[in-house]
Amino acid sequence: MTPSALPASRSSSRPARRMVIALVGIDGAGKTTAAAALGRLLGTTTPTMVLANPAGRRTMTAWTAQLGVAVPPRVLDLIESVVRVTNVLANHVRARRFAGVVILDRHLHCQQALRAARGLPHGRLLAVLARLLPAPDVVVFLDVSPEEAVRRITARGADSERVEDLRAYRDGYLGLPGVAGFRRVEADGPLLGVLDELEDIVAGWRERPVPPPRATGRFRQLAAQRSSAGVVPGNVLHQRRLCARTPCACTLPIRPR
């Protein structure tokens with residue numbers, strides 16, 4: 001849960017603009033490796049922060065294996081969900097205070113896919129949080145074959161997984177309600193190829209025009225009052241009395257057609 005902020009180059013000519021990108025995928029897809037590598041790559045020109053949202057599944061699996069205890073799937077999922085949600089909430093607070101690129105290693109989607117793989121519903125709490133929390137600007141699904149994922153997991157030697165379990169986990173991702181909005185990246189190949197695609201995704205997002213600020217609070221109420229009075233709703237600059245022209249176009253009466 002500890003963030004690793006990477007310094008930006010002072011020669012960067014582009015002003016910092018917050019972007020939140022979440023990397024999700026089955027175990028062995030290379031989420032943590034790709035997040036760290038992308039953070040180092042972008043950190044040379046852009047303020048970048050890498051935040052992890054683990055659920056502690058690997059640790060709990062190791063503990064239960066050592067103790068020889070079989071934990072029911074619902075109990076295991078409850079513990080994991082609490083840990084995951086705590087990390088996600090804390091990291092969203094950190095992300096809101098950061099001007100730059102925020103890379104999230106895992107998100108709530110991971111827990112929802114795990115629940116599906118275990119034959120459990122998506123969960124009301126996770127669904128509510130997914131609606132209430134600010135959505136990442138981009139969710140990238142690192143799609144790796146279960147066979148390649150098992151090979152990587154075996155090579156790192158920290159834990160073990162079965163091909164059939166990872167296949168069910170992948171199916172859980174593909175069955176998520178919002179999966180159509182994910183950016184899919186083939187992750188079977190070398191890391192450099194994955195990084196190229198991730199860098200293109202970030203660059204493409206940053207080239208998008210900045211949306212105009214939205215009126216909030218008393219400014220939104222003022223705009224509504226102007227609209228009901230037959231006046232063109234003023235923009236945020238006018239409502240804050242920052243408009244340079246008097247009278248300006250925002251206050252002209254609506255002409256009947």
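Numbers here are sequence positions counted from 1. Everything quoted here is computed from the prediction, not taken from an experiment.
- Linking Ile, Leu, Val, Met, Phe, Trp and Tyr residues whenever their side-chain heavy atoms come within less than 4.5 Å places V139 and L174 in a single cluster.
- The side-chain contact (heavy atoms from CB on, under 4.5 Å) search around A35 returns L23, V50, I103, D105, not counting sequence neighbours.
- Going from atom CZ of F98 over to atom CE of M49 covers 4.5 Å, rounded to the nearest 0.5 Å.
- Placement of L76 and L114 in two distinct hydrophobic clusters is found when ILVMFWY residues are connected by side-chain heavy-atom separations under 4.5 Å, directly or transitively.
- Of all non-hydrogen atoms in R18 and A95, the two that sit nearest each other are CD-O, 3.0 Å.
- In this structure, the ring-ring contact (aromatic ring centres under 6.0 Å, His included) partners of F141, at least two apart in sequence or on a different chain, are Y173.
- Closest non-hydrogen pair, L38 versus L195, comes out as N-CD2, 3.6 Å.
- The side-chain contact (heavy atoms from CB on, under 4.5 Å) test applied to R183 returns V138, V140, I201, not counting sequence neighbours.
- Among residues at least two apart or in separate chains, ring pair (Phe, Tyr, Trp, His ring centres under 6.0 Å) pairs with a member in residues 176-200 are H109-F182.
- When every heavy atom of A187 is checked against every heavy atom of A29, the shortest pair comes out as CB-O, 3.7 Å.
- Here R184 pairs with D143, E186 under the side chain to side chain donor-acceptor pair (under 3.5 Å) rule; sequence neighbours left out.
- In this view, R115 and D77, L120, P121, L126 satisfy the side-chain contact (heavy atoms from CB on, under 4.5 Å) rule, not counting sequence neighbours.
- Residues L125 and S81 are not in side-chain contact: their nearest non-hydrogen atoms beyond the backbone lie 4.5 Å or more apart.
- Pairs engaging residues 120-142 under the salt bridge (charged side-chain N to carboxylate O under 4.0 Å, His left out) rule: none recorded [sequence neighbours left out].
- Note on residues 188-200: pairs passing side chain to side chain donor-acceptor pair (under 3.5 Å), not counting sequence neighbours, are S145-D188.
- Judged as a salt bridge (charged side-chain N to carboxylate O under 4.0 Å, His left out), the pairs with a partner in residues 154-169 (not counting sequence neighbours) are, in order, R57-E161, R58-D159, E147-R167, R156-D159, R162-E164, R162-D165.
- Taking hydrophobic clusters as Ile, Leu, Val, Met, Phe, Trp and Tyr residues chained together by side-chain heavy-atom distances below 4.5 Å, V163 shares a cluster with V144.
- The distance from atom CG of L108 to atom CG of L133, rounded to the nearest 0.5 Å, is 6.5 Å.
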### Derivation of the side chain to side chain donor-acceptor pair (under 3.5 Å) call for R94 and N91
CA-CA 5 Å; R94 293 189 178 99; N91 286 336; 2.8 Å; yes
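- For the pair L166/I153, a side-chain contact is recorded, criterion being any heavy-atom separation below 4.5 Å from C-beta on.
- Expressed to the nearest 0.5 Å, how far CG of L51 lies from CZ of R106 amounts to 13.0 Å.
- Residues L176 and A113 come closest through the heavy atom pair CD2-N, 4.0 Å.
- Contact annotation: the side chain of V202 approaches that of I21 to within less than 4.5 Å [non-hydrogen atoms, C-beta and beyond].
- Interatomic distance, Q111 CD to L129 CG, rounded to the nearest 0.5 Å: 12.0 Å.
- At least one donor-acceptor pair under 3.5 Å links the side chain of K31 to the backbone N or O of G25.
- When side chains are defined from C-beta on, R206 counts as touching T46, because their heavy atoms get closer than 4.5 Å.
- Separation of atoms CD1 (I26) and SG (C110) is listed at 11.0 Å; rounding is to 0.5 Å.
- Hydrophobic clustering, defined by side-chain heavy atoms of Ile, Leu, Val, Met, Phe, Trp and Tyr closer than 4.5 Å, leaves V83 isolated from every other such residue.
- What you find for R152 and G28 is that their closest heavy atoms are NH1-O, 3.0 Å.
- Annotation for L191 and A37: closest pair CD2-CB, 4.1 Å, computed over non-hydrogen atoms.
- Shown here are the side-chain contact (heavy atoms from CB on, under 4.5 Å) partners of T154, two or more places apart in sequence or in another chain: V150.
- With sequence neighbours left out, H107 forms a side chain to side chain donor-acceptor pair (under 3.5 Å) with H92.
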